[in-house]
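In what follows, chains carry the letters A, B, and so on, assigned in the order in which the sequence lines appear, proteins first and then strands, with residues in each chain numbered from 1.
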Amino acid sequence: MTQDGITQDPEAFGAWLARQLRRKGMSQSELAAKLDVTRAAVSAWITGRAMPRIEKIQAIEEVLGLAAGASVTRDEAPESSGFIRWQYRPAHIDGGRELGNAAAFAFDSSLAVTAREAAQNSLDERFHPDRSVRVRFTLHEISGERLRRFQEAILWDDLVPHIKAAGDTSQKVGRVLANGLRELGENGTLLLLRIDDYNAHGLTGPEYDDGRFAAVVRRQLDSHKKGTAGGSFGLGKATIWGASQFGLVIMNSTLSEPFEGRRERRVIGRIDLPWHKLDGEEYAGPAWLGEPDPTRGEAAARSWWATERTVQELYLARESSDPGTSFLIVGAYDPAGEATTLEKLHATLVQALATNFWASMVSTEGTAPPLEASVVALRNGDVVVPEERVNPHRYEPARSRALRAFLEGKTIKREGDADVRITNADDVVEVAVTLRVPRRKTEAKGDPIEHRAVLLVTPTTDSDERANHVVGMRGTRMTVLDRTVSRLPFGAVPFQAVLLAGTATGRDLDEDARAEEFLRAAEPPEHNAWKATEDLTTTYARGAATRLRDFLGEVYAEVRRVVTPSERAASDDGPPAVLRELMGLHPTPPPRRPGYPTVRSVTGELNDEGAWRLRVEIRLPEERRDPWFLRPILRFATRSGPKPEARWAKLVAESHCEVSGDVLICDPNERVAVFAGVSDVSSHPVPAHMAMAEVDVVQAKDGGR
Amino acid sequence: MSDVPSKLGLLPDEVAGSFLNAGVLQNAEPLPQNEIERASTLIDRDAEPVRELFDEAMGRFLSDERTAADAWLAPVLHATLRLTRREAADSGLWNYLALRLAPDYVYWRHLSREAAPTVARNRFVGPFHTQAFARLWWAAELFRDGPDYGPVKVACGNQDVLNTVLRLEVIRHRPTAQAIIRLLETGVVRTGREVNALAQAVNTAGTTLSYEALAPDEPRDTDAYRDWVEAADEAVVPFDRLPRGPEDGRIPKGSVDTLAKLFERLFVDSPAADATSEES
Amino acid sequence: MRRIAPYPVLADEVTLTVHEVRLDDVPLPYESTVSERDRRIALHLVGKDWSTVRLVLRAAAPRHELEAGPWKKAAFVATASERRTNVHTAVKLDWGGPAEWVGEVELHRDDHVDRVLISGHLVATVDDVEGRVIADVARPWTVDLQANSPTPRDEIAVRWADFAKVPQLKRHEESPWTVSVTDEAPILYLNSGFEGLRAVLTGTKASDRPARELLASQIAVSLWTTLFNEAIRHVEGTDWPDGWRGMALRRMLPDVFPERSPDDALREVGRGTTAPDLPTRVLHAAIKQAKAPRSLANFIRSLQKTGSEDR
């Protein structure tokens, strides 16, 4: 720091001076007295309105017991001087007790939820709108010497009695605390989960008054987020503490706008314990790790500007000077109890990020995506699971494809009244669905505003287990709606559908902004649906719930329409293949061994009268009990039409049969029967030498004439 | 007839069949003319000249000599409604004639004479040898000798020729058809039973003899026939004498002679035929 | 049934082959027009006006048998017939070598509609009787005037139609399918206006196959039952009806009366004194034609496979 630096940065000097007074426990008046200046002058220095002369600066250094030139270097190291410690909030005077972070129990917690909320917060806090927000999750399991050094850095020994006391209860939170301590004692390992964001605002603003810092660090249910960027109740923060068995999180911020003239390494820690009693004292629960602030009473602690070494020891060293916040969750675990190993935790985080933020991670040529996320896992400094940059196309291929096509303007749109259909595996169909946003109750009466949401439909592979879903999102590009489309027509191609509503449509229209607000109000704390929430019904005119239902119904209907296979194919494509093989009219070959008697051979000649003398062999099928009653038929072939029959003048049995009238009775145990016959000439339609004769046998029901 | 259509049309089999319920077949129920017209595809042929024939037929012959009308109607129908074989093979045309143009004729000619008179379904919609109009046209086409409809008249004079002979495949060989008619003309066969016996004999013997080889035919001149079909508009078809048919070539007389002799022998030698002739 | 001739006939058969097809004197490409295996000639007639087709034919008889036997002056008569137009032309082919004859057969457009049968027979003098038929063509040819490629067409036509929009089908518009029967051909109409029917039947998803086949066999059972009942009304005496009816009966009668020869079964139906259990027999024959037992079994099995936990 040069002389110039001092003269040009009175604010920084003022902040520094204030810190020194705090540490010394000296008031402004006392300093003024010692320096023989007015209190107003000291006040002016502290607020940055004025700067003391060089001689006064030296005097200040002396009075405060600092090394010469300390005001220039502003070499702090309050840590080593013992200024950093845990400040515990005393119990409420009125006797009220919080038995745990109320906010943390507002909804089901799990590591996936933590990841989602953390990344969402980071997204909401984007600083440079043209660059991505980069979020990095680091799982670090430490043990042995590392663990000990870390515990020293966070003044663990000071915390333990409080944690023990708070753990001594039958409430759920107490069990978790006790469990955490027990596991730490048994395994000797501690899991740290660090969540960094870059290109975010960081924890800016004053220590106590409204601002990001206070909202995150101090307030329970404070949504600092202005405008449409967020809109939840700030419950998301609670999940970060909820991911620590001890409710213990240390934060390090690089600020986007200076505070106290500084930007880097604003550090503070907070632990969320329930009410507990220790050594006769009652404590409300929460405690902060920071620099005590006597101006606010004993209970408050402030953030401090840490040295590089300190943030290293706290595992909070950031990788670049881009603004943003790093949260260190101490004693991280999956509250849902599902992931236990480092690998599983890594996978859980990756999956949660992919599932919830794939849409924010889709980029197009020339534009950075809103969010970049990666996850890495270490053990005592060694990489256990390498850093994985979450790739939306890997985890949500169809949906990412759809979104990218939309962003690049390569979707297939409906033209006029024609139906738009999916023809190729890569097609992305774009359809508009109208949401009628009603007026707010506070506004003057008027017609609903029409917002045209964008519905994208694209085919997915057969193996996609979650095919046929519609996912819906608004400006945040976080999946809010995720529903299976029911009543799909038979033969519909498996698909994925993405609904972009509100400002997610990427246009700069007023209708979109209104729709964004509307849908935000329709989201419950879990952000997993659009429905008639209390917020919605209180804010908007009557009929809001109906409009929302109609909109969603229309979305499903459009999806069904798009994926319906064309009923009326332009070409009459002939018989369906499955039917064709059943439509054959061609003759089937007769069985080689039919189950009925057949004529096997006919031999003979014409006699002098012109009658046929024939010897006929009959093949009999396999054995049966009853004899065969067969009538031999003599016919003459014709060019067309019926074949005239002739009569037998004589029938004589030759073997294995008997003649009875005009019927042959054949022996059922034999395979062949033979008979001889002479035709009755008078029954010939033409002389026998003019015709082809045929002999056949039919079964005679009657026993013979 | 309420209204006479101006053009002929084609009425598909399934549709035509759907109009033929019991009431219609008994002439107790009218055919829905408008509906039939709507279900038909019209073709570019005038209906009037054809309709006229049926009126003339019903005028010329008394109801109890109606079978005789066949011999008159067949040639004039063929000469008026000039069709290629391809066109004549479309049953839709015959259905239209029977259901739309002249159902009255169908009733007149084919209503049975019994206690509950009815027309057989296949007179309206049926195979070419049975349908009321198709049978006449095809009889004329298959029995004419070039432009000479004389044999047609002979053939239609005997109902068994129309009922039995017309449907035999063997008569598509023209000399065979002519030879059978020759025997009718010369009186070798007279009664219905004799005709049937002859038909059977010819049909049966045809499996051992090739009439085509024994009695070769000359190919018809299809171009001349086509010209004749296309001249339909200018043609004047006489009613009081036999009209003149297409000049598409005469059947070789020698072939007919050969077969007539053969058939006569077959018939005479036929043991079964002998029996029937003895009985009759 | 066995035949016996009153004079010596050839034991072996005559083979008829088509060498060339000329459309108004322009030869047509052989491979795409002529199918030797199916004995079919497909005439590409889409949008083309032609007047004459000439077929160059060759007939071959078993030479040794012919020369050794008592047959004299053998000659081959080629025939071209179409039942629908009552055409039957016959041409004696020229001698083309020992036991071989060659020649041409001409077909005229005006004379034909659909299918022309090209066949013939071998004629000779036997025992001083001229014109004896001593052999037939075992595998005759068919000229298809309405085909597009040489494939067999001996099957029941299946057509899609929106029943509500077709006058003759309108009264069935609630039904998913119907059968229409004429002398020429039976047609199975599938209602494209019946929601989802087309999608099910033409679908290709493997997992839907059992349902698809079950539906197809159900359609086929009702179809074959209808066709059989219609066809037997046209049985007179002991004759096989012409055309498709005869073909349908030939396929089904062996299953309706498995204990009888086809001719015998035909008599049984034609006689009118039908077996009292005929409807049941017909049903089972139709079930067999439709391969219903197999498709139902597959379907049931597929049901048992699904029904595991749904995600």
Side-chain angles (χ1 to χ4, degrees), chain B residues 11-18 35 38-40 83-92 95 122 125-131 138 141-142 166-167 169-177 205-223 225-226 229 258-259 262, chain C residues 3 5-7 9 51-52 73 75-79 81-92 105-114 120-126 129-134 136 145 166-171 178-185 187 189 234 241-243:
Chain B
L11 182 63
D13 285 344
E14 319 77 273
V15 187
S18 67
E35 223 184 298
R38 268 202 301 277
S40 309
L83 307 165
T84 61
R85 295 228 179 169
R86 193 159 137 229
E87 290 166 329
D90 189 345
S91 55
N95 297 338
N122 57 17
V125 179
F128 80 93
H129 47 76
T130 322
Q131 205 263 2
W138 280 104
E141 171 67 11
L142 294 174
L166 185 57
R167 69 178 73 187
E169 285 186 16
V170 74
I171 61 127
R172 299 193 249 132
H173 178 243
R174 298 191 300 169
T176 303
T207 55
T208 59
L209 290 175
S210 171
Y211 304 144
E212 298 92 335
L214 292 170
D217 193 6
E218 285 293 321
R220 286 172 290 121
D221 186 348
T222 42
D223 289 331
Y225 187 87
R226 199 60 193 286
V229 167
T258 308
L259 286 185
L262 172 64
Chain C
R3 258 193 200 187
Y7 53 88
V9 296
S51 64
T52 318
K73 291 201 273 184
F76 186 82
V77 174
T79 58
S81 335
E82 182 169 6
R83 192 181 49 83
R84 282 181 70 177
T85 52
N86 289 312
V87 165
H88 182 74
T89 46
V91 174
K92 209 184 250 182
V105 151
E106 217 175 79
L107 306 177
H108 299 276
R109 191 71 187 93
D110 284 343
D111 282 345
H112 296 288
V113 157
D114 188 13
H121 43 267
L122 202 58
V123 178
T125 305
V126 186
V129 180
E130 285 183 349
R132 284 297 213 186
V133 176
I134 62 170
D136 286 317
L145 270 64
V166 175
Q168 44 262 52
L169 300 174
K170 178 136 175 72
R171 83 190 91 104
T178 187
V179 180
S180 154
V181 168
T182 64
D183 284 340
E184 267 62 58
I187 305 173
Y189 284 106
H234 292 258
D242 287 332

Q | Close side-chain approach of C/K92 to B/P216, heavy-atom, < 4.5 Å | A | no
Q: Give the C-alpha distance, both sets of side-chain angles, the deciding distance and a yes or no for side-chain contact (heavy atoms from CB on, under 4.5 Å) between C/S81 and B/E169.
A: CA-CA 10 Å; C/S81 335; B/E169 285 186 16; over 6 Å; no
(Q) So, applying salt bridge (charged side-chain N to carboxylate O under 4.0 Å, His left out) with C/D111, which one of B/R226, B/R86, B/R220 is it? (A)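 It is B/R220, the one option of B/R226, B/R86, B/R220 that forms the salt bridge (charged side-chain N to carboxylate O under 4.0 Å, His left out) with C/D111.
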Under 4.5 Å from any heavy atom of chain C, what part of [X] do you find: side chain, backbone, both or neither?
| X | answer |
| --- | --- |
| B/L209 | both |
| B/P219 | neither |
| B/A213 | both |

Hey, could you give me the [atom1]/[atom2] distance between [X] and [Y], rounded to the nearest 0.5 Å?
| X | Y | atom1 | atom2 | value |
| --- | --- | --- | --- | --- |
| C/H234 | B/N122 | NE2 | CG | 9.0 Å |
| C/T52 | B/D223 | OG1 | CG | 7.0 Å |
| B/T207 | C/R3 | OG1 | CZ | 6.5 Å |
| B/S210 | C/I134 | OG | CD1 | 11.0 Å |
| B/D217 | C/H88 | CG | NE2 | 10.0 Å |
| C/T89 | B/R174 | OG1 | CZ | 10.5 Å |

Q.
Which heavy atom of B/W138 sits nearest to which heavy atom of C/N86, and what is that distance?
A. CE3-ND2, 3.2 Å
Structural part of [X] lying under 4.5 Å from a heavy atom of chain B:
| X | answer |
| --- | --- |
| C/E82 | backbone |
| C/V87 | both |
| C/H112 | backbone |
| C/V123 | side chain |

Q. B/R85 and C/D110: side-chain contact (heavy atoms from CB on, under 4.5 Å), yes or no, with the steps?
A. CA-CA 6 Å; B/R85 295 228 179 169; C/D110 284 343; over 6 Å; no
Q: Against chain C, work out which of B/L142, B/T84, B/T208 has the most heavy-atom pairs shorter than 4.5 Å and name it.
A: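 Most heavy-atom pairs under 4.5 Å with chain C: B/T208.
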